[in-house]
Each structure stands twice: as structure tokens, then as C-alpha cells.
Amino acid sequence: MSKSNELTKTAGAFDVRNFIGALLAIFGVILTIAGIIGFTPDEAERTGGVDANLWTGIGLIIAAAVFLIWAKLRPIRIVETPDDTAGAAGTD
């Protein structure tokens, strides 16, 4: 087969890295807000003075950014040929 008969597409929104990045970002934002708003002296005593929600939320946001940038810079390429779209109807 020659390259002229091939069509190249990307997975786009269906790339699993986009789903993972979006979920990590949502949880990260929620935890960051909870860490900013809800850090009480009682919670500080339990965690040794560390705002665990804030730092975990920031870490999740950074991880989400890595996944989304990775999906943008290195998209999954799907190569289709005209034979692939016709199916296997004549192979019986």
C-alpha cells in the first residue's frame, strides 16, 4: 500500500489521557478550594501543621496539566486506509 491511500486522524477527545487529566483537574480544584477555605487548627493538629488538602490539590492540578500537555504534544495517531473503511464484506 502506498502512503497516498492512507488517512491519518488523531484520537482527539477520545484519548484516555484527556479523561484522566480532566478528572485529576476537577478533584485538584475541589481539594485546593477545600484546603484554602477549610484549614482549621484542629486539622492542622492532625496533620502536623501541613495543609494536606491544599498540597494534594496542587499536586493533582500539576499532574492534570502533565496529562493534558502530553496528550496535546504527542497525540495518538490513527491510520486508516480505504480498505479499512470498506470492511470485510467480500472475505466470505
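For the pair Leu68 and Ala22, the tightest heavy-atom approach, listed with the atom from each and the gap, is CD2-N, 4.4 Å. Taking every heavy atom of both residues into account, Asn53 and Ala34 meet most closely at ND2-CB, 4.3 Å. Heavy atoms only, all atoms of each residue included: Arg17 and Asp15 are closest at NH2-OD2, 2.5 Å. Phe39 and Ala44 make their closest contact through CZ-CB, 3.5 Å (heavy atoms, listed as atom of the first residue, atom of the second, distance). Contact between Thr47 and Ala52 at its shortest, heavy atoms only, is CG2-CB, 4.3 Å.
By the 4.5 Å heavy-atom criterion applied to side chains, Glu45 and Thr40 are not counted as neighbours. Between Val50 and Trp55 the shortest side-chain heavy-atom distance falls below 4.5 Å.
No continuous path of hydrophobic side-chain contacts links Ile69 to Ile62 [ILVMFWY only; heavy atoms under 4.5 Å].
The side-chain contact (heavy atoms from CB on, under 4.5 Å) test applied to Leu54 returns Thr32, Ile36, Asp51, Ile58, not counting sequence neighbours. Ala25 pairs by the side-chain contact (heavy atoms from CB on, under 4.5 Å) definition with Ala64, not counting sequence neighbours. For the side-chain contact (heavy atoms from CB on, under 4.5 Å) test, no residue two or more places apart in sequence or in another chain qualifies with Val66.
When the shell of 6.0 Å around CZ of Phe27 is examined, it contains 12 or fewer heavy atoms from other residues, nucleotides or ligands.
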